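Everything below concerns the one structure shown next.
Keep in mind it's a predicted model, so treat the numbers as computed, not measured. Chain naming here is simple, since letters A, B, ... match the order of the sequence lines and numbering starts at 1 in each.
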2 protein chains.
Amino acid sequence: MNAQFKKGILELCVLALLKEKDRYGYDLVNEISKSIEISEGTIYPLLRRLKNVGYVKTYLQESQEGAPRKYYKLTLKGQEITDELKQDWLEFVKKVNSLLGGESINE
Amino acid sequence: MNAQFKKGILELCVLALLKEKDRYGYDLVNEISKSIEISEGTIYPLLRRLKNVGYVKTYLQESQEGAPRKYYKLTLKGQEITDELKQDWLEFVKKVNSLLGGESINE
DNA sequence: ATTTGGTATCTTGCAATGCATAGTATTTTG
DNA sequence: CAAAATACTATGCATTGCAAGATACCAAAT
């Protein structure tokens with residue numbers, strides 16, 4: 001799979017998953033990995049960045065299965081950004097597909 | 001519009017347009033610009049790369065309107081790659097959208 | 001004749017972002 | 001102890017798009 005497609009989209013994926021419910025980093029890696037290859041070395045710096053710009057906040061919670069989990073929760077600003085980004089993405093896909101489509105789908 | 005979304009997709013756009021018919025660089029810029037912002041400084045290095053890896057070949061043709069045009073034509077390998085890339089892209093979009101969806105539309 | 005402007009190509013170096021790799025560290029369970 | 005779950009950091013690399021500028025050709029305006 002073309003690695004470049006992922007550029008810029010991981011942030012949106014993380015935000016969208018967090019909009020569903022609060023999640024911890026390890027969980028995000030596993031969830032996203034079902035669809036897109038991704039590693040921890042990618043997620044944690046991204047999460048840190050999202051926190052720095054105020055899109056998410058965090059809280060700790062004990063776990064029965066290992067180290068305590070750090071949950072990430074969308075802020076209000078984060079929710080707004082998520083919606084905008086998602087809209088941008090959908091528009092972008094539409095534009096690209098219209099370029100790709102051309103006219104002849106008959107192959 | 002998130003500039004990162006473009007990563008990796010411009011190559012596919014160029015290839016897809018070339019599959020339709022032979023085009024010269026300036027024409028590609030104009031055509032793609034209708035949908036996605038793009039500049040010449042992006043296209044020409046990309047076209048050179050595509051030629052280096054054997055996806056396209058070129059031929060010159062005079063123009064009444066200015067400098068001679070360098071037309072780009074897909075090679076057989078280029079055609080195959082185009083189809084693969086397009087498939088990859090469509091799959092990628094599907095996966096991302098399923099991650100974004102959340103509230104299962106119909107499944 | 002010179003300038004301007006549109007058409008057309010190409011080069012260079014920079015910025016942004018994700019990736020791979022390789023660590024460190026903690027807690028719980030077996 | 002070892003393994004699995006979980007969090008975090010660091011470094012250097014690869015890819016790719018972009019801005020900016022150089023070059024060249026042609027036609028119309030000055």
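For the pair B/E11 CD and D/dT16 C1', the interatomic distance rounds to 10 Å; values are reported in whole Å. Computed from coordinates, the A/F5 CZ to D/dG17 P distance equals 11 Å when rounded to whole Å. Rounded to an integer number of Å, the gap from A/I9 CD1 to D/dT15 C1' is 18 Å. Atom CD in A/Q61 sits about 15 Å away from atom C1' in D/dA7, given to the nearest Å. Whole-Å rounding puts the A/Y44 OH to D/dA5 P distance at 12 Å.
The closest donor-acceptor contact from the side chain of A/T42 to the backbone of A/I38 lies at 3.5 Å or more, if one exists at all.
Sorted by first and then second residue, the ring pair (Phe, Tyr, Trp, His ring centres under 6.0 Å) pairs with a member in residues 35-78 of chain B read B/Y24-B/Y71, B/Y59-B/Y71; sequence neighbours excluded.
Under the side chain to side chain contact (heavy atoms under 4.5 Å, CB included) criterion, A/K94 pairs with no residue at all, not counting sequence neighbours. Shown here are the side chain to side chain donor-acceptor pair (under 3.5 Å) partners of B/E31, two or more places apart in sequence or in another chain: B/K34.
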Worksheet item: Which nucleotides of nucleotides 21-30 of chain D have their base under 4.0 Å from a protein heavy atom (B), which only their sugar-phosphate (S), and which neither (-), written as one string 5' to 3'?
Response: ----BS----
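Taking 4.0 Å as the cut-off between side-chain N and carboxylate O, A/K6 and A/E37 do not count as a salt-bridged pair. Using a 4.0 Å cut-off between charged nitrogen and carboxylate oxygen, A/D27 and A/R69 do not count as a salt-bridge pair.
Taking the nucleotide of DNA chain D with the nearest heavy atom to each of B/P45 and A/Y71, the more 5' of the two is matched to A/Y71. Of the two residues near DNA chain C, B/T42 and A/E62, the one whose nearest nucleotide lies more 5' is B/T42.
Within the 4.5 Å cutoff, no side-chain heavy atoms of A/V96 are placed close to those of B/S35.
The side chain of A/K6 places no N or O atom within less than 4.0 Å of a non-bridging phosphate oxygen (OP1 or OP2) of D/dT15. One finds no side-chain N or O of A/R69 lying less than 4.0 angstrom from the OP1 or OP2 phosphate oxygen of D/dA7. Distances shown here put a side-chain N or O of B/R49 below 4.0 Å from the OP1 or OP2 atom of D/dT16.
Here chain B contacts DNA chain C (any atom closer than 4.0 Å to a heavy atom, that is under 4.0 Å), and the contacts span C/dG6 to C/dT17 from 5' to 3'.
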Worksheet entry | Stepwise side-chain hydrogen bond (donor to acceptor under 3.5 Å, both in side chains) test for A/K73 and A/T58 | CA-CA 6 Å; A/K73 179 183 185 58; A/T58 61; over 6 Å; no
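Within 6.0 Å of CD in A/E62 there are 12 or fewer heavy atoms belonging to other residues, nucleotides or ligands. Shown here is A/Q61, whose CD atom has more than 12 heavy atoms of other residues, nucleotides or ligands within 6.0 Å.
For the contact set between residues 23-39 of chain A and DNA chain D, defined by any heavy atom under 4.0 Å, the members are A/Y24, A/G25, A/Y26.
Within the nucleic acid shown, B/L10 comes within 4.0 Å of sugar-phosphate atoms alone, with no base atom in reach, counting heavy atoms only.
Taking both residues in full, the closest heavy atoms of B/T75 and B/K57 are given as CG2-N, 4.0 Å, listed atom of the first, atom of the second, then distance.
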